[in-house]
Number of protein chains: 2
Amino acid sequence: MGGRREEILEVALAIADERGLDGVSMRAVAERVGVTPMALYRHVGGKAELLDAMVGHLLAALLPPDRDRQETQRWDERLAALARAVRTMVRRHPWAAPLLFSRPAVTPDAVRTVDVIYDALIEAGVPDREVPRLERLLSTFVIGFAASEVSGRFTSGDPDPRGHRGSLPEGDFPAHARLKPWLRLPDDLATEFEADLDDVLRLIEAAAGRR
Amino acid sequence: MGGRREEILEVALAIADERGLDGVSMRAVAERVGVTPMALYRHVGGKAELLDAMVGHLLAALLPPDRDRQETQRWDERLAALARAVRTMVRRHPWAAPLLFSRPAVTPDAVRTVDVIYDALIEAGVPDREVPRLERLLSTFVIGFAASEVSGRFTSGDPDPRGHRGSLPEGDFPAHARLKPWLRLPDDLATEFEADLDDVLRLIEAAAGRR
DNA sequence: ACCTGAACACCGTTCAAGT
DNA sequence: ACCTGAACACCGTTCAAGT
């Protein structure tokens, strides 16, 4: 077992972690495997399929292997644990962030993850009709937060960048002026993530209450 | 006025709309402008700066030009209108979705948009301390929803794709089996977006109530 | 000031050929 | 079955040179 395909996948993951997504070229992977670029096409269809397989590999490691542990936690604890696992995964492998937005969850591992979320939402009392929508709302937020964090979207919303012609005219942004004491982004976003998660889980509770 | 830089920007936007983000190469833009690729570097620093300018152009068109209109709407109406404008923009220019996650809002237009959101959140009664966090929560959701929609992440979460070796074993996904009647994604996601928006605005109201 | 030509160091992928 | 070599049609960017 093992085989060339697994070797190619592991090499691609290693390069992505070291040099980012742009570092993952068919030529770079081939060189590390010790083979000509063309030899890869026997085992992986093409670059798009390779990237899909890389994301699939991360998603497969998202759920704990033991199914029993799930029963011992409340629905909101299970969802929070999964959300934290996604954030940790993206922080560890920032190259995965853009890819998570581009492909639907169709691999068995991805569907299993969605099934776990569905199960928690049902246990929360969300009406069946609303479960898929709230799963998409939750996962959109979690992936979006993690992607924003690692890509730098959250850094420096303060209208005083090092940029261009001095700082921006502060008078034009009254709300920014008023909020000045609160505009500095915390170094670690874990606390903000927890607060957001709490709010979103309350949102789910409220939706369950309307059933 | 006008000038080469504006011309380059307009050509780049046109190519992105026609052929997607991958179609926007310095060489393709230069050819359409009628000039050598190197000539672009006098006016736009490089490709990264060109992409930033393209996103900036879209953001500049996001807010209505008349400032008065804002005062006539309630805070939640203003946030909903802005959220719908972002979704419309991304649906019209899908190439912008990945870029919205990668750069912080530092241009004057982007900061003005954030200021409008801050103002609405303050009017909603959100404590000053919490305003920046809820702005990030709201914008993360809105951009994430739009990005998911145009990139195909929302399509076919049903574990029965046309894929690979038949369909996935349904017995392994009990929640999917139970929710089968509700798993088909609606053709138009506008209704889902409105429901999500409603939930997120209630979340904001709840945060305001805790002040 | 603005543009060109040639070059460097890359891409993904096809195709025919080798063993 | 698995791999190679050469080629095609591309990239972004630097640098020296032209007007």
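Just so it is clear: chains get the letters A, B, ... in the order the sequence lines come, proteins before strands, and each one is counted from 1. These numbers come from the heavy atoms of this one structure, side chains and all, not from hydrogens, waters or symmetry mates.
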Return yes when atom NE2 of B/His57 has more than 12 non-hydrogen atoms of other residues, nucleotides or ligands closer than 6.0 Å, and no otherwise.
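Not buried by this count: 12 neighbours or fewer within 6.0 Å.
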Between B/Arg27 (side chain only) and B/Pro37 (backbone N and O only), is there a donor and an acceptor less than 3.5 Å apart?
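Side chain of B/Arg27 to backbone of B/Pro37: no pair is present.
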Check for a donor-acceptor pair, side chain of A/Thr36 on one end and backbone N or O of A/Ala39 on the other, with a separation under 3.5 Å.
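Checked: no pair found.
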So what's C/dC15 paired with, Watson-Crick or G-U wobble, going by both distances under 3.5 Å?
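Base-paired to D/dG5.
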Inter-nucleotide C1' distance (C/dC8, D/dC10), Å rounded
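Nearest-Å result for C/dC8 against D/dC10 at atom C1': 15 Å.
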Return a single string for nucleotides 3-15 of chain C, one symbol per nucleotide in 5' to 3' order, where B is base contact, S is sugar-phosphate-only contact and - is none, cutoff 4.0 angstrom on heavy atoms.
BBBB----BBBB-
Rounded distance [0.5 Å steps], CG in A/Leu100 versus CE in A/Met89
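Separation between the atoms: 4.5 Å.
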Quick check for you: to the nearest 0.5 Å, what is the distance between B/Tyr118 atom OH and B/Leu134 atom CG?
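It comes to 10.5 Å.
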